[in-house]
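For reference, the structure is listed below as structure tokens.
Every heavy atom of this structure was used, including side-chain atoms; hydrogens, water molecules and symmetry mates were not. Note that the structure is predicted; figures quoted are calculated from it, not measured.
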Amino acid sequence: MNHHHTHDHKHDHGHGHGHDHDHGHSHGFGHHHHHMPSPDGNGRAFALAIGLNLAFVIIEFTYGFIAHSTALMADAGHNLSDVLGLVLAWGAAMLAKSAPRGRYTYGLRGSSILAALGNGLLLMVACGAIAWEAVQRFSEPAPVMGATVSIVAGIGVLVNGFSAWLFLAGSKGDLNIRGAYLHMAADAALSLGVVISGLVIMATGWSWIDPAVSLLIVVVIVLGTWSLLRESVQLSMAAVPPGVDAAAVRAFLCGQPGVREVHDLHIWAMSTTENALTAHVVMPDGYPGDAALDAMAAALREDFSIHHCTLQVEQGTTHHHCTLQGHEHEHAH
């Protein structure tokens with residue numbers, strides 16, 4: 001069956017070839033690439049951002065050591081955690097395009113959700129490390145070379161700002177790319193805070209400014225990461241994805257000609273960019289034909305961003321109820 005799949009890609013729309021069900025499946029498959037942000041653009045963005053940030057981390061850490069600024073070192077540590085995060089996110093973006101094989105009938109699409117989750121956790125850990133370092137610094141302040149700190153952190157603002165800009169375009173439709181974008185934007189903010197603290201230390205000689213600024217930025221990052229974490233946990237629990245209105249989908253299905261009721265409706269995310277749906281539709285007049293189901297699938301794809309749907313048609317001659325919720329059918333339409 002699997003080899004048949006690969007041939008199907010070439011004639012997505014060839015419904016007249018006998019193996020109708022298989023073509024229908026492939027049709028859904030070849031199509032969703034339109035909804036994904038251009039992988040090539042993101043690939044370039046990832047490669048550039050990873051290269052730039054890696055080089056900068058080494059420079060920043062070295063100068064942090066020279067200038068006695070743990071804020072610079074912490075910033076470097078945080079940048080490094082983001083480079084790792086980018087590697088994770090890039091890997092997941094590549095895997096999200098994988099073809100199904102063996103036991104992974106969805107391909108490795110779900111890895112993008114795992115990466116988003118791992119990314120959020122990684123950022124939280126980085127925040128903890130920075131906060132710990134900052135608290136230590138209050139009790140034992142060291143003289144900080146403010147000028148060096150400001151210049152190096154200033155380069156950091158440019159590097160991270162540029163990296164964030166690279167991901168801006170893809171950050172709307174993909175949780176994973178949004179994670180990368182948030183990281184870079186947070187890093188730019190962090191470096192900017194370090195620039196300012198360096199300038200203030202130069203002017204006043206108060207080295208406690210350094211850890212105080214670090215703590216302030218940690219709070220900002222935690223608030224930003226929280227939504228990313230919450231959303232990726234929801235997706236990994238097969239919740240209805242944030243961009244999909246389940247009630248509207250149910251109303252659409254119930255409103256189709258010949259449909260008396262809909263039950264066992266499930267909508268979940270296969271990856272950070274692709275959604276799937278299964279539902280039982282009760283059609284007393286019987287199976288409406290492939291064209292009608294294809295039209296429903298196309299509408300779900302265009303209007304509701306659901307790229308993979310499986311509809312089970314029933315005539316309602318036996319007493320069905322939702323296997324999970326028990327009595328859902330009583331208040332369904």
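When atom types are taken as modelled, the side chain of S98 and the backbone of L108 share a donor-acceptor pair closer than 3.5 angstrom. A distance-only check finds a donor-acceptor pair linking the side chain of R250 to the backbone of V262 [under 3.5 Å]. Between the side chain of E60 and the backbone N or O of A76, at least one donor-acceptor pair lies under 3.5 Å. With hydrogens and angles disregarded, no donor-acceptor distance shorter than 3.5 Å links the side chain of S163 to the backbone of A49. In this structure, S139 contributes its side chain and Q136 its backbone to a donor-acceptor pair below 3.5 Å.
Residues I151 and L199 are members of separate hydrophobic clusters, defined by side-chain heavy-atom contacts under 4.5 angstrom among Ile, Leu, Val, Met, Phe, Trp and Tyr. When the side chains of ILVMFWY residues are joined at heavy-atom separations under 4.5 Å, either directly or via intervening members, F138 and L72 end up in a single hydrophobic cluster. No chain of hydrophobic side-chain contacts below 4.5 Å, direct or via other Ile, Leu, Val, Met, Phe, Trp or Tyr residues, connects Y181 to L158. The cluster map of Ile, Leu, Val, Met, Phe, Trp and Tyr, joined by side-chain heavy atoms under 4.5 Å apart, puts Y63 and V195 in the same cluster. Residues L48 and I155 share a single hydrophobic cluster, defined by chaining ILVMFWY side chains whose heavy atoms lie under 4.5 Å apart.
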Under the side chain to side chain contact (heavy atoms under 4.5 Å, CB included) criterion, do V194 and V152 qualify, and how do the steps go? CA-CA 9 Å; V194 179; V152 175; over 6 Å; no
For the pair L117 and I113, evaluate side chain to side chain contact (heavy atoms under 4.5 Å, CB included) and give the outcome as yes or no after the intermediate values. CA-CA 6 Å; L117 189 60; I113 296 172; 5.6 Å; no
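Ring pair H263/H280 is tilted by interplanar angle, where 30° to 60° counts as tilted.
Between the CE atom in M145 and the CD1 atom in I66 there is a gap of 7.5 Å [rounded to 0.5 Å]. Atom CG of residue N53 and atom CD1 of residue I58 lie 11.0 Å apart, to the nearest 0.5 angstrom. Summarising the geometry, atom NE2 belonging to H307 is positioned 6.0 Å from atom CG belonging to N275; distances are rounded to the nearest 0.5 Å. If you take CG on L253 and CG on L311, they are separated by 6.5 Å, rounding to the nearest 0.5 Å. Taking CZ from R44 and CG from L166, the interatomic distance works out to 10.0 Å, rounded to the nearest 0.5 Å. Summarising the geometry, atom CG belonging to L114 is positioned 11.5 Å from atom OG belonging to S271; distances are rounded to the nearest 0.5 Å.
Shown here is W268, whose CH2 atom has more than 12 heavy atoms of other residues, nucleotides or ligands within 6.0 Å.
Tested against P288 for a side-chain contact (heavy atoms from CB on, under 4.5 Å), the candidates M296, Q256, M283 yield a single pass: M283.
Under the 3.5 Å distance criterion, with hydrogens and angles disregarded, a donor-acceptor pair is assigned to the side chains of D75 and S191.
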